[in-house]
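Data first, discussion second: the structure below is written as structure tokens.
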2 protein chains.
Amino acid sequence: MTGKLSDRNQEVLQAIVQHYIVTAEPVGSRTLEKTFNLGISSATIRNVMADLEELGLIEQPHTSAGRIPTDKGYRYYVDYLMMIQRLTVDEKECIQDEYQAKINELDRVLRGTSKILSLLSKQTGVVIAPNIVDSRCQNLQLIRLTSKKILMVTVTYAGLVKNNIIYIDKDLSQEILNDFSREINKKIIGVSLGEAKKIIAKELQRKKREFLAMSELARKMISEISLPLEERQLFLDGSTNIIDNPEFHYADKIKKIFTTLYEKKTLIDIMNNCLTDSGNGVNVVIGEENPYETMKNCSLVTAIYKIDDKPMGALGIIGPTRMPYDKMVSIVDFTAKFINNLLRKMP
Amino acid sequence: MTGKLSDRNQEVLQAIVQHYIVTAEPVGSRTLEKTFNLGISSATIRNVMADLEELGLIEQPHTSAGRIPTDKGYRYYVDYLMMIQRLTVDEKECIQDEYQAKINELDRVLRGTSKILSLLSKQTGVVIAPNIVDSRCQNLQLIRLTSKKILMVTVTYAGLVKNNIIYIDKDLSQEILNDFSREINKKIIGVSLGEAKKIIAKELQRKKREFLAMSELARKMISEISLPLEERQLFLDGSTNIIDNPEFHYADKIKKIFTTLYEKKTLIDIMNNCLTDSGNGVNVVIGEENPYETMKNCSLVTAIYKIDDKPMGALGIIGPTRMPYDKMVSIVDFTAKFINNLLRKMP
DNA sequence: ATTAGCACTCACTCTAAACGAGTGCTAATA
DNA sequence: TATTAGCACTCGTTTAGAGTGAGTGCTAAT
């Protein structure tokens, strides 16, 4: 990053970013002089602007237009200039209310979170569910549906429920399944599902004789436990808000971004990156910094959430690069902390 | 409906509709003369057009433009003129392949269906899941999670699985829950969930003494079984295809229709109407015929699907009024029949 | 009844001119 | 030496007007 700017240059950059975020119009020197109290004339502002442009922090869409921030400019703003806005009482209450409303399973918590994120930010809210394989197992039950069909229900401590249907050749009574479930539960409670898989496999080896009748079932259970990444749940809300932004007033742009958003695979990938990238706080990815072509005129503000103090999923806001970062950061931050708390209490 | 048209008038109408569906441009008399072999001159075509306009079947966007079909015109076309297109071998295979791929639960069948509908139609595919309350119960199990938390799993014959978490004050062991599950299952297997609710309630009355310990649980089970309408599952795919249509090239129109599509409540309502409206075949709702304001420049092609020969849900295609109805009808028809068949075989 | 021909309409396109927001540079100023 | 006022210049946008052409409706001839 270019060394720190002089105070005055910072002030001008800040003014440009803030004004542009609101108006979405290139901002000129006279406008700045009038609307902000910078204490310098438009001519001086022009000189400063020339400097900032040389540093690549702002640019002109065309010769006789005002300046707009570049991605690098936003980055500087986010890193050094913005004041984290505190949420209003109303906004905080809005978040708290959302979770008050008899929400209890993780699934619903996450669904509600993406909703609340989009509501507060007026942008697109997104939440990625934990990879269930990493979650600690609370219970595993087998339910006989027909002579050939068994339902396996897995519940994690976080409250994630997974259903798998298993087809077997041998008819097993519910009583046998109950015994088997109890047996397995003893071994795997508190273990991650990934581990549980191994334990079942080992058990299958060791107790071959007793398990014999079950071996087919056990094998199939093991293969069902692994959930491919692409099926990982993603909650998306408020995507239509994107259309309100003037930068997305053209059908082709809308098409592009919507296709990306609803191509769940890409979005899951993106959110997954956030999971590893961001430390504990809020992570901001601006425009071109984004690895995905179709997202290059979007910014992401994300944070991770934890279960049992282990990072499990990510949540965030997607919007145009021109975005009130200060506000977004505080919304994401507050929400992440809130559901971290909630998930700690949940079981 | 206006009485039947003369053969020649029909031919002209048909030509107009077909041409407009492809080009999305108002079609003039000379164009018709050249591209269709109607055997009459443009002047005569103009006369016919004047008649059709008087009947409200076509209209001019402005004085010196060609004609475009009105909703009434499309309606006449759909009712009397269009030839149902047979699907190509490729298309049929596409549908069959989709269901070959180890899909077994209803949930996945429906998800796949909306996907395949959008893929073949290049429009938006939509499927509404059965209201679980109407479905026949195959199994109900209770799983103890913690001392205060019980998971209720309900499975219907169609393969629909529902999870509810119940909070109770009294700690009940898994063994007790197993017994209770077995007891209840005996009574309610094969009964609709709506009925099952009543049966549990009655049982609760009758066996008050034995059930006593369970009464809290039973009461809570009953209240959980009812699923509010808005939670009814809806599968939507290919909504971004809408943007490709020239009539949706303006951001505000896109916004409007997307908001409706993702406001699940409205869409569920719409699909619900289709369930009652359409008889056995394919139902077409054109533009203004649609009760919902925001859908008035869209058409719907829908059909219902059955489980145990009872209409359970609906599936269909959403697109602009200018839509190749013949193709759409055959896609919807074939798909509906296909999954009807599939659902009959499934259990 | 059909058709050829013609006058008329009106959205769209193209061009040129006027406009104005904004810049960069220079000379004057504190 | 840093700042500012002033001015010439740039270039996207707006506006008005002429021209174009697809298409119509009407009328007279076939």
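Note that this is a predicted model, so its numbers are computed, not measured. Convention: sequence-line order gives letters A, B, ...; per-chain numbering from 1.
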> When the ring centroid of Y262(A) is compared with that of Y262(B), is the distance short of 6.0 Å?
Replying inline: yes
Looking at [options], which one has an atom nearest to any side-chain atom of [X]?
X	options	result
N47(A)	dG25(D), dG24(C), dT4(D)	dT4(D)
S41(B)	dC11(D), dT3(C), dT4(D)	dT3(C)
T31(B)	dT3(C), dT3(D), dG23(D)	dG23(D)
R46(B)	dC26(D), dT3(C), dT10(D)	dC26(D)

> Given that Q60(A) and S42(B) both sit by DNA chain C, which one's nearest nucleotide is further toward the 5' end?
Replying inline: S42(B)
>> Test your reading of the model: is there a side-chain donor-acceptor pair from Y76(B) to the backbone of L5(B), 3.5 Å cut-off?
In response: yes
Grab the [atom1]-[atom2] distance between [X] and [N] for me, whole Å please.
X	N	atom1	atom2	answer
H19(B)	dG23(D)	NE2	C1'	14 Å
L32(A)	dT4(D)	CG	C1'	17 Å
L52(B)	dG25(D)	CG	P	12 Å
E33(A)	dG22(C)	CD	P	12 Å
I45(A)	dT3(D)	CD1	P	12 Å

>> Only pairs with both distances under 3.5 Å count, Watson-Crick or wobble alike; so what is the partner of dA17(C) in this structure?
In response: dT14(D)
> If pairing requires Watson-Crick or G-U wobble contacts with both distances under 3.5 Å, which nucleotide is the partner of dA29(D)?
Replying inline: dT2(C)
If the cut-off is 4.0 Å, is [X] near the phosphate of [N], judged by side-chain N/O to OP1 or OP2?
X	N	answer
R67(B)	dT24(D)	yes
R30(B)	dT3(C)	no
T44(B)	dT3(C)	yes
T63(A)	dG22(C)	no

>> Side chains of E91(A) and T88(A) only: does a donor on one sit below 3.5 Å from an acceptor on the other?
In response: yes
>> Need to verify one output field. Residue with the more 5' nearest nucleotide on DNA chain D, S64(B) or A43(B)?
In response: S64(B)
> Within a radius of less than 6.0 Å around NZ of K296(B), do more than 12 heavy atoms belonging to other residues, nucleotides or ligands occur?
Replying inline: yes
>> Could you check whether D244(A) pairs with K255(B) (Lys NZ or Arg NE/NH1/NH2 to Asp/Glu carboxylate O, under 4.0 Å)?
In response: yes
